[in-house]
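One structure is given below, encoded as structure tokens.
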Number of protein chains: 2
Amino acid sequence: MELVKIYECLCDPTRLRLLHVLAQGPVCVCHFQAVLGEPQVKISKHLAYLRARGLVESERQGNWVIYALPAKPSRELQANLACLQDCARGNPVFKRDLARLKQIEPSCAWVRAGEPQKAPGQCRGG
Amino acid sequence: MELVKIYECLCDPTRLRLLHVLAQGPVCVCHFQAVLGEPQVKISKHLAYLRARGLVESERQGNWVIYALPAKPSRELQANLACLQDCARGNPVFKRDLARLKQIEPSCAWVRAGEPQKAPGQCRGG
DNA sequence: GAAGCGTATTCCTTGCGGAGAATACGGTTG
DNA sequence: CAACCGTATTCTCCGCAAGGAATACGCTTC
């Protein structure tokens, strides 16, 4: 059952937060670090877990790797992501993540635009 | 996060089938055995797992133990159960479960009605 | 109260996932 | 090519959950 695979991905708080943030748009790993406040290994491994199961897709842009929700998600995935967004409403953890994301957002503009970046080395905090 | 607890419950095929069947109404353990075609230990342990996390409630009626979805489910649980029902549409495994349940249904009537049973020892197959 | 039924719990083995530390990799910059 | 950055992968330890076999429990019946 593919459904089980989806739920296996959803049953970890870190992965839940990653997916919730990704609903706002593509994000690179170092921004995830800043938004979630979790160490790089943790972020990277959970993203690898999600990617291996088709819950996220990744694309390299220079030193950065940009993660995004799949362009063509299955019906089940679509339903569950929507459900997650719904459940996340009002949860302080998820809200805090979004707040931090908004704070960083300006330096993410090129990601949203899909432009190859000319940005300097410093990623965090722009 | 309570959400994670819910997803932990959902990331096993057997539990998914149990919850899906329960959406039709209360069911006793031996009927679960017949519907899912799984051994008693397996059914019982997964139901215990679900009960310990508040995803189902149980009530004893003589020799039988009747399981049901919680009378007052949380918003998150409600949303996810609805999502599950939606995702289950068209899945052959879930459909087969429902078909078998319908077959057994007559002998379950007293369960639905909440009457104390006077039924004879034979549970399976009515 | 002994036998029978439906259900729950224990015991065991096995496998997978989480966490952190250290390290390897790919790409950019001078 | 050397140094550096961002990211990924190993390795090891630990805990938990799944499965099956055997057994214990609660209740009814005679």
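Any value given below was found using the heavy atoms of this structure, including those in side chains, with hydrogens, waters and symmetry copies removed. Within every chain, numbering begins at 1; the chains are lettered A, B, ... in the order of the sequence lines, protein sequences first and strands thereafter.
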### Task
Taking all heavy atoms of B/Leu18 and all of B/Leu47, pick out the closest pair and write down the distance.
CD1-CD2, 3.9 Å

### Query
Roughly, in whole Å, what's the span from NZ in A/Lys5 to C1' in C/dG17?
13 Å

### Task
Could you tell me whether the side chain of B/Glu8 has a donor or acceptor atom within less than 3.5 Å of a complementary atom in the base of D/dA17?
no

## Note on the structure
Taken to the nearest whole Å, CG/A/Asn63 to C1'/C/dC25 is 11 Å

### C/dG20 base / A/Lys45 side chain donor-acceptor hit below 3.5 Å
yes

### Query
For B/Arg53 and D/dA17, is the shortest distance between a side-chain N/O and OP1 or OP2 below 4.0 Å?
yes

### Task
Examine D/dA18: is either OP1 or OP2 under 4.0 Å from a nitrogen or oxygen in the side chain of B/Arg15? Give yes or no.
yes

### Query
Atom CD of A/Gln61 and atom C1' of C/dG27: how far apart are they, to the nearest Å?
13 Å

### Summary
Rounded to whole Å, the CD-C1' distance (A/Glu38 to D/dT7) equals 17 Å

### Task
Kindly determine whether B/Leu16 and A/Tyr7 satisfy side chain to side chain contact (heavy atoms under 4.5 Å, CB included), including the steps that lead there.
CA-CA 10 Å; B/Leu16 237 40; A/Tyr7 286 129; 3.9 Å; yes

### Task
Could you check how far CG of B/Leu50 sits from C1' of D/dA18, rounded to whole Å?
14 Å

### Value in whole Å for how far the P atom of C/dC5 lies from CD of B/Gln33
14 Å

### Task
Rounded off to whole Å, could you give me the CG-to-C1' distance for the B/Asp12 and D/dC16 pair?
14 Å

### Message
Judged by each residue's nearest nucleotide on DNA chain C, which is more toward the 5′ side, A/Cys11 or B/Tyr67?
### Response
B/Tyr67

### Query
Reckon A/His46 has a side-chain N or O less than 4.0 Å from the OP1 or OP2 of C/dG17?
no

### Task
Walk me through it: do B/Leu3 and A/Asn91 pass the test side chain to side chain contact (heavy atoms under 4.5 Å, CB included)?
CA-CA 10 Å; B/Leu3 245 191; A/Asn91 183 309; 5.9 Å; no

### Query
If you check every side-chain atom of A/Val41, which of C/dG20, C/dG18, D/dT7 has the closest atom?
C/dG20

### Summary
Of C/dT9, D/dT9, D/dA18, the nucleotide closest to the side chain of B/Ser44 is C/dT9

## Note on the structure
Heavy-atom nearest nucleotide on DNA chain C taken for A/Tyr49 and for A/Arg60; more 5' hit belongs to A/Tyr49

### Task
Check for a donor-acceptor pair, side chain of B/Arg15 on one end and backbone N or O of B/Cys9 on the other, with a separation under 3.5 Å.
yes

### Task
Report the nucleotide, chosen from D/dA8, C/dG20, D/dG20, that has the shortest atom-to-atom distance to any side-chain atom of A/Pro39.
C/dG20

### Query
Can you find a pair of side-chain heavy atoms, one from B/His20 and one from B/Gln85, that are under 4.5 Å apart?
yes

### Query
Between A/Leu18 (CG) and D/dT7 (P), how many Å, whole number?
13 Å

